[in-house]
Amino acid sequence: MAAFLLRHRQVSTLGVSGILKDKLDPSRPHVESRLGALAGVCNLLREYSTSNDNRAHKFDFLDLTCPHAWYPVARRKNRKIFLHVGPTNSGKTYHALKQLESSPSGVYCGPLRLLAWEVAKRLNKANVPCDLITGQEREEVNGAKHKAVTVEMADVTSNYSCAVVDEIQMLGCMTRGFSFTRALLGISADELHLCGDPAAVPLIQEILKPTGDDIHVQYYERLSPLVPSQKPLGSFKNIQTGDCIVTFSRREIYKLKGQIERGRKHLCSVVYGSLPPETRTRQATMFNDASSEFDVLVASDAIGMGLNLNISRIIFSTMKKFDGVEMRDLTISEVKQIAGRAGRYGSDFPVGEVTCLLADDLPLLHSSLKSPSPILECAGLFPTFDLIFMYSRLHPKKGLYRIMEHFLENAKLSENYFIANCEEMLKVAAVVDVLPISLHDKYLFVISPVDMRNEISSQGLTQFAQNYAQKGIVRLKEIFTPGTLQVPKTESALKELESIHKVLDLYVWLSFRLEDSFPDRELAASQKAICGLLIEEFLERFGWQKQPKTRKLPSRVNSGFLLSKETRQYV
């Protein structure tokens with residue numbers, strides 16, 4: 001559909017006047033990674049303004065070989081970099097957080113909302129006031145000089161005494177790596193603590209050479225043993241309390257949950273990526289609770305980070321996964337990240353075990369655990385809005401899709417960097433290019449957290465963008481048909497409800513960036529909560545139960561909304 005829209009789109013006016021109005025205030029919620037280092041490139045905007053457009057043609061906006069120069073605030077500071085590296089469950093993040101807790105000001109940057117929540121809760125409990133800032137939440141605490149944020153929300157214009165970036169090896173991620181690169185190069189802190197895999201150390205040292213930062217590396221060993229089994233599980237009759245079975249599709253997760261529960265000995269919590277974060281947390285809590293009936297976990301690789309889990313044994317149901325392109329073997333890093341979740345230090349299971357469902361998978365498991373993770377070679381980059389805007393001045397008749405496509409194809413990089421995979425962003429760009437909105441607003445929709453492979457999610461974004469372009473205001477009741485949300489009765493109905501939750505999540509995200517135009521944030525948030533409750537009710541009803549549940553939740557919620565039929569025609 002994106003290709004169809006691209007072929008038939010009309011060139012829209014970019015409306016450059018006013019694009020940068022109020023976009024440089026670091027307190028504004030839309031200042032995040034893909035909007036980039038505004039202060040650095042803003043100097044270029046002043047130097048190559050409309051008063052001297054010919055000079056813009058002489059400046060190479062495609063030159064991304066020196067991204068450290070995008071962050072002047074950080075470059076003015078002599079930073080001390082502390083690398084805390086080691087395997088899962090080695091205490092590396094714990095030591096970094098202790099430094100953050102004792103600092104007069106600071107920020108924690110994590111890859112997941114769950115991790116930001118956890119750190120904010122921990123600091124506030126320790127009487128260190130801490131704000132929580134993610135793409136979809138703003139929880140401010142009086143007197144707070146600390147923040148816990150998702151890495152995309154890191155502020156590169158403020159100064160901190162201490163900063164922590166968790167899972168720093170993700171700077172090599174094809175889709176999100178640029179956010180970690182930005183945090184590494186751009187956060188202005190006296191001390192910057194980086195936690196992650198030792199495989200990232202050489203690349204980080206190389207990237208930081210031009211900055212003059214002082215780098216210290218601390219290696220950690222695992223705090224509790226991890227024992228790979230010589231025997232496969234073989235049969236689900238051998239499942240025990242504290243086991244976690246790992247698979248890589250939601251269909252397989254529910255299939256395995258059903259097979260285990262039909263044995264009438266165990267109930268299973270489930271955790272996978274498309275579950276709402278709140279639901280994942282509550283599923284994990286039920287599994288961790290020794291008094292709970294849910295004593296086994298069936299999960300995807302979403303357990304690899306973000307949740308504290310009391311797992312005795314990890315069981316790989318398969319050592320292959322579909323990565324969106326092909327079915328492939330798990331990488332060494334993936335195996336270690338998942339297997340390392342067994343035997344958490346201080347839990348009821350001080351010794352972790354790991355095995356496979358099938359004997360044929362054991363050799364890959366054992367070889368992966370014995371091998372070091374491959375050294376990271378490149379870090380992700382993505383052009384800031386300011387670079388895209390200045391480049392668009394050279395191509396005023398091109399839409400955002402063509403501008404981004406040409407920019408990404410021709411960008412100049414050093415050997416330490418790669419351009420992030422922006423296939424999903426280009427799909428959104430093709431959709432919004434036909435709309436009469438500013439380049440900045442198009443870019444905002446492009447960087448929004450939408451899965452264009454999901455039909456309902458893509459429908460939601462399309463309708464939001466169209467209503468915004470036509471009316472300047474997007475009311476939730478115009479997008480969702482008043483009706484009833486039900487407890488799902490099938491897995492397909494559950495998948496649809498999860499998608500509706502994503503659309504509501506997108507509305508909340510947009511409401512923090514276009515507050516006047518998306519005024520129904522509270523309503524969207526309440527509908528999100530209802531979706532979460534209905535999903536949890538399905539999870540509790542699915543499969544065998546040891547005894548009737550006492551919790552009651554109405555099967556129909558009259559205040560629910562479903563995507564309107566009108567929305568479906570656009571995608």
Tell me whether the centres of the aromatic rings in [X] and [Y] are closer together than 6.0 Å.
X: F248; Y: F322; result: no
X: Y220; Y: H95; result: yes
X: H440; Y: F385; result: yes

Within 45° of the ring axis of Y272 and under 6.0 Å from its six-membered ring centre, is that where the NZ or CZ of R280 lies? no
State whether W509 and R513 meet the cation-pi test: NZ (Lys) or CZ (Arg) under 6.0 Å from the six-membered ring centroid, and within 45° of the perpendicular axis. yes
More than 12 heavy atoms from other groups under 6.0 Å of CZ on R328: yes
Does E377 have more than 12 heavy atoms from other residues, nucleotides or ligands lying within 6.0 Å of its CD? no
Residues forming a ring pair (Phe, Tyr, Trp, His ring centres under 6.0 Å) with F407, sequence neighbours excluded: Y391
Going by the angle between their ring planes, with limits at 30° and 60°, are Y507 and F464 parallel, tilted or perpendicular? perpendicular
Tell me, do [X] and [Y] make a side-chain contact under 4.5 Å, heavy atoms counted?
X: V156; Y: R182; value: yes
X: V270; Y: Q283; value: yes
X: R176; Y: E152; value: yes
X: M404; Y: M425; value: yes

For F178, which of Y417, F382, F418 qualifies under ring-ring contact (aromatic ring centres under 6.0 Å, His included)? F382
Regarding [X] and [Y], does a basic nitrogen lie under 4.0 Å from an acidic carboxylate oxygen?
X: K121; Y: E118; value: no
X: D190; Y: K77; value: yes
X: K92; Y: D197; value: no

